[in-house]
Structure formats: C-alpha cells, structure tokens
Engineer: 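My questions will all concern the structure given below.
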Amino acid sequence: MSGRVELRFDGDLAEIRLNNPEKMNAFSAPMLDELAAHLEKIERSPARLVLLSAAPAKCFCSGADISGWGGLSPAEFARHWVRGGHRIFDRLARLSRPTLALLEGHAFGGGLELAAACDIRIMTPRASIALPESGIGIVPGWSGSQRLIRLLPEPVVKEMALFGRRISAARALELGFAAAVCEAARTEALAVLERARGLSPRATEIAKNMIHAGRGEDRAALIEALGSAAIAAAADRSEGVAAFQGKRPAEFTGN
C-alpha cells in the first residue's frame with residue numbers, strides 16, 4: 001500500500017495527511033516508511049510550520065493496522081514494528097518546526113501516540129482519545145506509556161491503558177492535551193498557524209528545543225545541539241575553520 005501518507009507544501013506550511021480512510025487511517029508498514037521519508041524532506045525544506053491531518057473518516061487514526069503486525073514473530077514485532085514505529089514517532093516529536101495535529105476524528109492507540117508527538121492538538125467535539133491495546137492483548141508501543149505520561153496525568157493514562165476508557169475532546173481540553181475544541185477545527189488550526197507565521201523561526205526552534213530538554217525529550221542531543229548552535233555563531237569557530245584550512249595556528253579571540 002503506497003501513497004497513503006501524503007505531503008503537501010503550501011508556501012511555508014507543510015501538511016502531512018494520512019489517507020487510508022477505508023481502514024480508519026490505520027498505519028501499515030509502508031505508511032510508516034512514507035511518514036519517515038516525509039519528515040526528512042520537511043526538515044530539509046524551507047517550511048516553517050507543520051500540520052498533521054487525516055482524510056475524512058470516523059478516526060483521525062485508529063492506530064496500527066493489525067494485518068501489518070498480527071502475523072509477525074515476537075522478535076520481528078519487537079525489533080521492527082514497535083522499535084521502528086517508535087523511532088519514526090520520535091522523529092516527528094523532534095522535528096525542528098512547530099507541529100499541530102488536527103483531530104477531526106478519534107485518535108486511538110498509535111493514532112493517539114502520533115498526535116501526542118506533535119506540539120499541540122486541535123480537536124472537533126466528536127473526537128476522542130483512547131489506548132485500546134489491552135483489548136487485543138498488546139500494550140502501547142509507539143510512546144503511549146512514555147510520552148503520554150508527560151502530557152497527561154498518570155491516572156488518566158491508566159484509565160485508558162488499564163480500564164479501556166475513552167477520553168472525550170472536552171475532557172482532553174480540560175486536561176491541556178487539546179489546545180482547542182471546536183466544530184471548525186481546521187479553520188481554527190489554520191488560524192493558529194497563521195499567527196505563528198509572525199514569530200521568529202529561529203526563536204521558536206530554540207524555544208522548542210529548550211522546552212523539550214526541560215521535560216526530558218532527547219535531552220542529551222538537544223543540549224549538544226544548542227551548545228553547537230551557540231559556538232557556530234562565534235568568531236572562534238570561523239577562525240578555527242580558517243586556520244585548519246590554511247594549515248596555520250589559530251588565533252582565538254573569544255569573540
């Protein structure tokens with residue numbers, strides 16, 4: 001199955017759109033590969049903002065397509081399906097651009113984990129979130145037990161994972177998981193993104209890195225990235241490179 005994750009550019013906005021409505025936008029293995037490729041393309045593009053959406057269906061994303069993993073051996077399931085998906089969702093979470101997930105339908109299992117990897121979420125009133133994995137004998141595998149616990153209170157995550165409860169859009173808003181809940185969710189999402197266009201791209205990137213480091217999201221890499229960005233702007237770095245290329249001793253000034 002190919003072409004089920006679309007990437008469109010509209011000026012400085014990149015939109016990733018799940019397009020598997022007949023399966024409630026559930027993820028297949030090819031879809032994961034497509035998402036990974038799109039994220040790399042966005043990172044190297046001039047896009048400043050990212051919108052994650054889905055084709056019209058009851059679900060924004062119903063999770064992982066069971067036909068993609070149901071027949072895997074335990075080793076294949078753990079090594080490839082779970083670790084591979086986790087790595088791709090981590091890549092989304094660490095994208096340098098601000099990301100907004102538009103939930104116009106339910107986000108279950110992997111769909112909820114996907115939305116959680118974005119910076120903010122906007123939902124329609126009919127949308128809900130859930131972790132239904134235990135109902136088919138598995139557990140959250142794409143950061144549901146890790147990233148979600150940093151975004152929602154522990155008892156709420158347990159409600160979903162241990163008791164199978166759905167969380168309504170209204171409650172998700174109260175808990176801070178959703179930034180807004182409204183019927184015209186896409187209009188609201190685009191308005192939020194439009195306001196973000198007036199902000200400094202570099203400042204928002206660094207602020208995102210600082211916030212993620214503060215909550216433990218890839219902290220070690222972010223600290224080194226921030227330090228490297230600071231030193232790259234220093235005169236000593238330019239002098240060091242020039243000295244190396246000119247095969248002469250460097251004359252550092254500390255400027």
Side-chain angles (χ1 to χ4, degrees), residues 2-21 25 27 30-56 60-61 84-105 107 110-124 142-143 147 151 177-180 184-213 215 217-218 221-222 224-226 228-230 232-233:
S2 61
R4 295 295 192 175
V5 182
E6 302 169 346
L7 175 61
R8 304 169 181 172
F9 290 97
D10 181 9
D12 59 3
L13 173 65
E15 180 171 358
I16 299 172
R17 183 174 182 263
L18 306 183
N19 188 20
N20 191 15
N25 294 314
F27 266 100
M31 288 174 68
L32 287 173
D33 293 339
E34 289 168 4
L35 176 60
H38 293 337
L39 294 174
E40 291 306 314
K41 186 172 183 179
I42 290 170
E43 197 65 87
R44 289 168 172 75
S45 78
R48 291 181 50 190
L49 302 161
V50 179
L51 175 64
L52 177 64
S53 65
F60 157 76
C61 178
H86 204 293
R87 183 177 62 253
I88 294 165
F89 282 25
D90 282 349
R91 186 70 186 86
L92 171 60
R94 295 163 190 169
L95 204 63
S96 63
R97 278 69 161 177
T99 56
L100 187 157
L102 172 61
L103 277 58
E104 297 181 288
L112 173 54
E113 293 166 317
L114 180 69
C118 290
D119 294 319
I120 65 171
R121 291 145 292 277
I122 291 178
M123 305 173 66
T124 60
W142 289 344
S143 75
R147 184 171 290 113
L151 299 176
F177 184 76
R186 184 175 181 88
T187 299
E188 176 65 17
L190 292 175
V192 170
L193 293 168
E194 182 61 34
R195 288 193 293 272
R197 282 193 169 99
L199 306 177
S200 161
R202 189 61 178 151
T204 54
E205 178 183 354
I206 293 175
K208 178 172 178 173
N209 287 345
M210 292 168 64
I211 293 166
H212 280 198
R215 78 176 191 191
E217 179 81 57
D218 200 28
L222 289 174
E224 292 188 350
L226 290 169
S228 297

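Because the structure is a prediction, the values reported are computed rather than measured.
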Engineer: Under a 4.0 Å N-O cut-off, is there an ion pair linking Asp90 with Arg147?
Structural biologist: yes
Engineer: Any donor-acceptor pair under 3.5 Å linking the side chain of Glu6 with the backbone of Leu18?
Structural biologist: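 No.
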Engineer: Do Phe60 and Leu114 come close enough that some side-chain heavy atom pair is under 4.5 Å?
Structural biologist: yes
Engineer: As an exercise, state the distance from CG of Leu13 to CG of Leu193, rounded to the nearest 0.5 Å.
Structural biologist: 6.0 Å
Engineer: Find out whether Phe27 and Glu113 are in side-chain contact, i.e. whether some heavy atom of one side chain is under 4.5 Å from a heavy atom of the other.
Structural biologist: no
Engineer: Find the distance between CZ (Arg91) and CD1 (Ile42) and round it off to the nearest 0.5 Å.
Structural biologist: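 So the CZ of Arg91 and the CD1 of Ile42 are separated by 9.5 Å.
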Engineer: If we ignore hydrogens and angles and just use 3.5 Å, is the side chain of Lys208 paired with the main-chain N or O of Leu95 as donor and acceptor?
Structural biologist: yes
Engineer: Between the side chains of Glu43 and Ser96, does any donor sit under 3.5 Å from an acceptor?
Structural biologist: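 Yes, Ser96 and Glu43 have a side-chain donor paired with an acceptor closer than 3.5 Å.
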Engineer: Can any side-chain N or O of His38 pair as donor or acceptor with the backbone N or O of Val5 at less than 3.5 Å?
Structural biologist: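 Yes, because the side chain of His38 sits within donor-acceptor range (under 3.5 Å) of the backbone of Val5.
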Engineer: Just how far is it from atom CZ of Arg87 to atom CG of Leu32, taken to the nearest 0.5 Å?
Structural biologist: 9.5 Å
Engineer: Donor-acceptor pair, Ser53 side chain versus Leu102 backbone, under 3.5 Å?
Structural biologist: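 Not a single qualifying donor-acceptor pair exists.
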Engineer: Which distance, rounded to the nearest 0.5 Å, do you find between the CG of Asp119 and the CG of Leu52?
Structural biologist: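 Taking CG in Asp119 and CG in Leu52, the distance rounds to 11.5 Å.
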Engineer: Determine the minimum heavy-atom distance between Pro21 and Asn25, stating which atoms define it.
Structural biologist: N-OD1, 3.3 Å
Engineer: Is any side-chain N of the basic residue among Arg202 and Glu205 closer than 4.0 Å to the acidic one's carboxylate O?
Structural biologist: yes
Engineer: Report the distance from atom OG of Ser45 to atom CZ of Arg97, rounding to the nearest 0.5 Å.
Structural biologist: 5.0 Å
Engineer: Is a side-chain N or O of Asp12 found less than 3.5 angstrom from the main chain of Ala47, in a donor-acceptor match?
Structural biologist: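 No, because the side chain of Asp12 does not come within donor-acceptor range (under 3.5 Å) of the backbone of Ala47.
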Engineer: Tell me the closest heavy-atom pair linking Cys118 and Leu92, and the distance in Å.
Structural biologist: SG-CD2, 4.1 Å
Engineer: List the atom of Leu51, the atom of Ala189, and the distance in Å for their closest heavy-atom pair.
Structural biologist: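 Closest heavy-atom pair between Leu51 and Ala189: CD1-CB, 4.3 Å.
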Engineer: Shortest non-hydrogen contact from Ala55 to Asn19?
Structural biologist: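 Heavy atoms only, the tightest pair is CB-OD1, 3.5 Å.
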Engineer: Check whether Arg48 reaches the backbone of Leu199 with its side chain - one donor and one acceptor, N or O, closer than 3.5 Å.
Structural biologist: yes
Engineer: Looking at Leu7, is its backbone amide N or carbonyl O close enough to the side chain of Arg17 to form a donor-acceptor pair, meaning the two atoms are under 3.5 Å apart?
Structural biologist: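 Pair absent, no side-chain N/O of Arg17 close to backbone of Leu7.
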Engineer: Give the minimum heavy-atom separation between Thr99 and Ala117, together with the two atoms involved.
Structural biologist: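 Answer, listing the atom of Thr99 first, then Ala117: OG1-O, 4.4 Å.
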Engineer: Kindly indicate whether the side chain of Leu49, heavy atoms from C-beta on, has any atom under 4.5 Å from the side chain of Leu100.
Structural biologist: no
Engineer: Do you know which two heavy atoms are closest between Trp142 and Gly85, and how far apart they sit?
Structural biologist: NE1-CA, 3.4 Å
Engineer: Out of curiosity, Arg121 CZ to Leu112 CG, how far, rounded to the nearest 0.5 Å?
Structural biologist: 9.0 Å
Engineer: Is the backbone N or O of Arg4 less than 3.5 Å from a side-chain atom of Glu34, with the two atoms forming a donor-acceptor pair by type?
Structural biologist: yes
Engineer: Verify side chain to side chain contact (heavy atoms under 4.5 Å, CB included) between Leu35 and Ile16, making sure each step is shown before the conclusion.
Structural biologist: CA-CA 8 Å; Leu35 176 60; Ile16 299 172; 4.0 Å; yes
